[in-house]
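Below is one structure, written out as structure tokens; the observations come after it.
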Amino acid sequence: MNRPYVIIVSEVSVDGKLTLYRGASSKELMTLMDQEAYRYLHEIRAKVDGIMVGCETVRTDNPSLTVRYVQGKNPVRVIPCSTANVPLDANIFSKDAPTLIVTTKRAPEEKLEKIRETGAEVWVVGEDLVDFDALMPMLLERGINSLMVEGGASINWEFIKRGFVDEIRLIHLPVIVGGENVPTLVGGEGFKKLRNLMHLRLRAHFKRGHHLITEWEVVR
Ligand SMILES: NC(=O)C1=CN([C@@H]2O[C@H](COP(=O)(O)OP(=O)(O)OC[C@H]3O[C@@H](n4cnc5c(N)ncnc54)[C@H](OP(=O)(O)O)[C@@H]3O)[C@@H](O)[C@H]2O)C=CC1
Ligand SMILES: Nc1nc(O)c(N)c(N[C@@H]2O[C@H](COP(=O)(O)O)[C@@H](O)[C@H]2O)n1
């Protein structure tokens, strides 16, 4: 598959959670990250061409997805959003970085027009849900050779189930969140069968500030 190099980067609790409860912004958990961990996250952002979060994360976290904490260029923000149901005053529409909203034929044209007026690009890729198989070569064509996927759980699954992931880098929080329906690193329907699991090789583990960082390579 002709696609960018993909790195999933997330902050996870010891019990693998991405946030405090379903629907909660992960920014509360982020307050437990120290400056060194933020610098680690932003160092990666500064190195990639594109950065992606799912639309639910935009609605929940209102992330900026820009490079701060270190010097570096802002990556292109790529937001898959099937019906373009994203607030027009969201931080992702700031002028700090280019933004690409990837939507489907279900999105109302008048909303797409309003999004274009913010200066964001709009691509229609797919009928019902964003077609990631078609999107990958298009991102490469647009010069996005490396893509950082920062969640959430559903988008992480979309990449993992298709085998479109090269690395997973985790910032570990020394806390237990608990809760049986709290989003974890990977959501979706799951592999269910032993023979289908994604296998990883631990490439590095180290501390950044008070945080354990683990870096995993996907084993083909
Ligand atoms: N700790 C961390 O590092 C991070 C935590 N989070 C947390 O994760 C949670 C959000 O995760 P989650 O709820 O899984 O949502 P996601 O952020 O993964 O977004 C999922 C949404 O993406 C849209 N989408 C577009 N195309 C597709 C497709 N082909 N397949 C599936 N979805 C598609 C859908 O919204 P639509 O129907 O509008 O198209 C879908 O509901 C939040 O609580 C957030 O705070 C998020 C990022 C990082
Ligand atoms: N909570 C959290 N931890 C991480 O390690 C992450 N990679 C993310 N990713 C996304 O980044 C948003 C915060 O980015 P800004 O500071 O707004 O630029 C966060 O809300 C997640 O959407 N999150």
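When a ligand or atom number is given, it counts from 1 through the structure's own listing order. Note that this is a predicted model, so its numbers are computed, not measured.
Of all protein heavy atoms, the one lying nearest to atom 16 (O) of ligand 2 is Arg68 NH2, 2.6 Å. Protein heavy atom nearest atom 15 (O) of ligand 1, with residue, atom name and distance: Glu56 CB, 3.1 Å. At the top of the distance list for atom 4 (C) of ligand 1, counting protein heavy atoms only, stands Ser26 OG, 3.9 Å. Here the protein heavy atom with the shortest distance to atom 20 (O) of ligand 2 is Asp61 OD2, 2.7 Å. For atom 22 (O) of ligand 1, the closest non-hydrogen atom on the protein side is Cys55 N, 3.5 Å. Protein heavy atom at the shortest distance from atom 47 (C) of ligand 1 is Glu150 O, 2.8 Å. With hydrogens left out, the protein atom closest to atom 28 (C) of ligand 1 is Phe132 CE1, 3.5 Å, a heavy atom. The nearest protein atom to atom 33 (C) of ligand 1, hydrogens excluded, is given as Ile155 CD1, 3.9 Å; this is a heavy-atom distance. For atom 3 (O) of ligand 1, the nearest non-hydrogen atom of the protein is Glu11 N, 2.9 Å. Scanning the protein heavy atoms around atom 14 (O) of ligand 1, the nearest turns out to be Ser154 OG, 2.6 Å. Nearest protein neighbour of atom 9 (N) of ligand 2, counting heavy atoms only, is Glu150 OE1, 2.6 Å.
When each atom of ligand 2 is checked for a heavy atom of Thr57 under 4.0 Å away, the hits are 22 (O). Listed by atom number, the atoms of ligand 2 under 4.0 Å from Ile171 heavy atoms are 5 (O). The distance from ligand 2 to the heavy atoms of Met30 drops below 4.0 Å at these ligand atoms: 1 (N), 2 (C), 3 (N), 13 (C), 23 (N). For ligand 2, the atoms sitting less than 4.0 Å from at least one non-hydrogen atom of Ser26 are 1 (N), 2 (C), 19 (C), 20 (O), 21 (C), 23 (N), numbered in the order shown with element in parentheses.
Checked against the 6.0 Å centroid threshold, Phe164 and Phe132 do not count as a close aromatic pair.
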Please report the C-alpha distance between Glu167 and Arg203 in whole Å, then the side-chain angles of each, then the deciding distance to 0.1 Å, and finally whether the side-chain contact (heavy atoms from CB on, under 4.5 Å) criterion is met.
CA-CA 9 Å; Glu167 286 185 49; Arg203 181 180 70 187; 2.9 Å; yes
Residue pair Phe159, Val6: steps toward the side-chain contact (heavy atoms from CB on, under 4.5 Å) verdict
CA-CA 9 Å; Phe159 276 81; Val6 173; 3.9 Å; yes
What do the steps show when you test Leu135 against Met52 for side-chain contact (heavy atoms from CB on, under 4.5 Å), and what is the final call?
CA-CA 12 Å; Leu135 176 60; Met52 179 186 285; 4.2 Å; yes
Please determine whether salt bridge (Lys or Arg N to Asp or Glu O under 4.0 Å) holds for the pair Lys17 and Glu11, giving the CA-CA distance in whole Å, both sets of side-chain angles, and the decisive distance to 0.1 Å.
CA-CA 8 Å; Lys17 311 294 190 190; Glu11 158 204 44; over 6 Å; no
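Contact annotation for Glu11 and ligand 2: heavy atoms of both the backbone and the side chain come within less than 4.0 Å of the ligand. At a heavy-atom distance under 4.0 Å, only side-chain atoms of Arg59, from C-beta outward, approach ligand 1. Of all the heavy atoms of Asn62, none lies under 4.0 Å from any atom of ligand 2, so neither backbone nor side chain is involved. When heavy-atom distances to ligand 2 are checked against a 4.0 Å cut-off, Ser25 has no atom that comes that close, whether in backbone or side chain.
Just one residue in the list Ile101, Thr118, Asn62 forms a side-chain contact (heavy atoms from CB on, under 4.5 Å) with Ile92, and that residue is Ile101.
Looking at Leu129 next to ligand 1, no N or O pair under 3.5 Å apart turns up. In terms of polar-atom proximity, defined here as any N/O pair under 3.5 Å, Ser82 does make such a contact with ligand 1. Below 3.5 Å of separation, one finds no N or O of Val53 facing any N or O of ligand 1. Residue contacts with ligand 1: Tyr21 is placed with no nitrogen or oxygen under 3.5 Å of a nitrogen or oxygen of the ligand (distance criterion only). For a threshold of 3.5 Å applied to N or O pairs, the pair formed by Leu18 and ligand 1 contains at least one separation below that value. Considering both main-chain and side-chain atoms, Asn85 never comes within under 3.5 Å of ligand 1 through any nitrogen or oxygen pair. The shortest N/O to N/O separation between Ser25 and ligand 1 does not fall below 3.5 Å. For Lys27, a nitrogen or oxygen atom sits less than 3.5 Å from a nitrogen or oxygen atom of ligand 2, counting backbone and side chain alike. Considering backbone and side-chain N/O of Asp61, one or more are found under 3.5 Å from N/O of ligand 1. Remark: ligand 2 and Leu65 share an N or O pair separated by less than 3.5 Å (distance only, no angle test). Polar contact with ligand 1: present for Val130 (N/O pair, distance under 3.5 Å). Of the polar atoms of Ala153, at least one N or O is found under 3.5 Å from an N or O of ligand 1, judged by distance alone.
In the candidate list Gly126, Ala84, Ala24, Ala107, Ala24 is nearest to atom 42 (C) of ligand 1, counting heavy atoms. In this structure, of Ser64, Gly54, Ala97, Pro63, the residue bringing a heavy atom nearest to atom 12 (C) of ligand 2 is Pro63.
Using a non-hydrogen distance threshold of 4.0 Å, Gly187 does not register as a contact of ligand 1. Heavy-atom distances between Val9 and ligand 2 reach below 4.0 Å in at least one pair. Ligand 2 has at least one atom lying under 4.0 Å from a heavy atom of Arg45. The closest approach between any non-hydrogen atom of Ser10 and ligand 2 is below 4.0 Å. For Met30, the closest heavy-atom approach to ligand 1 does not fall below 4.0 Å.
Checking atom 40 (C) of ligand 1 against the protein gives no heavy-atom contact under 4.0 Å.
Residues Ile155 and Met148 are members of separate hydrophobic clusters, defined by side-chain heavy-atom contacts under 4.5 angstrom among Ile, Leu, Val, Met, Phe, Trp and Tyr. Hydrophobic clustering (side-chain heavy atoms under 4.5 Å, transitive across Ile, Leu, Val, Met, Phe, Trp, Tyr) keeps Val14 apart from Leu170.
Without hydrogens or angle criteria, Ser13 side chain to Gly16 main chain gives a donor-acceptor distance under 3.5 Å. In this structure, Ser146 contributes its side chain and Asp49 its backbone to a donor-acceptor pair below 3.5 Å.
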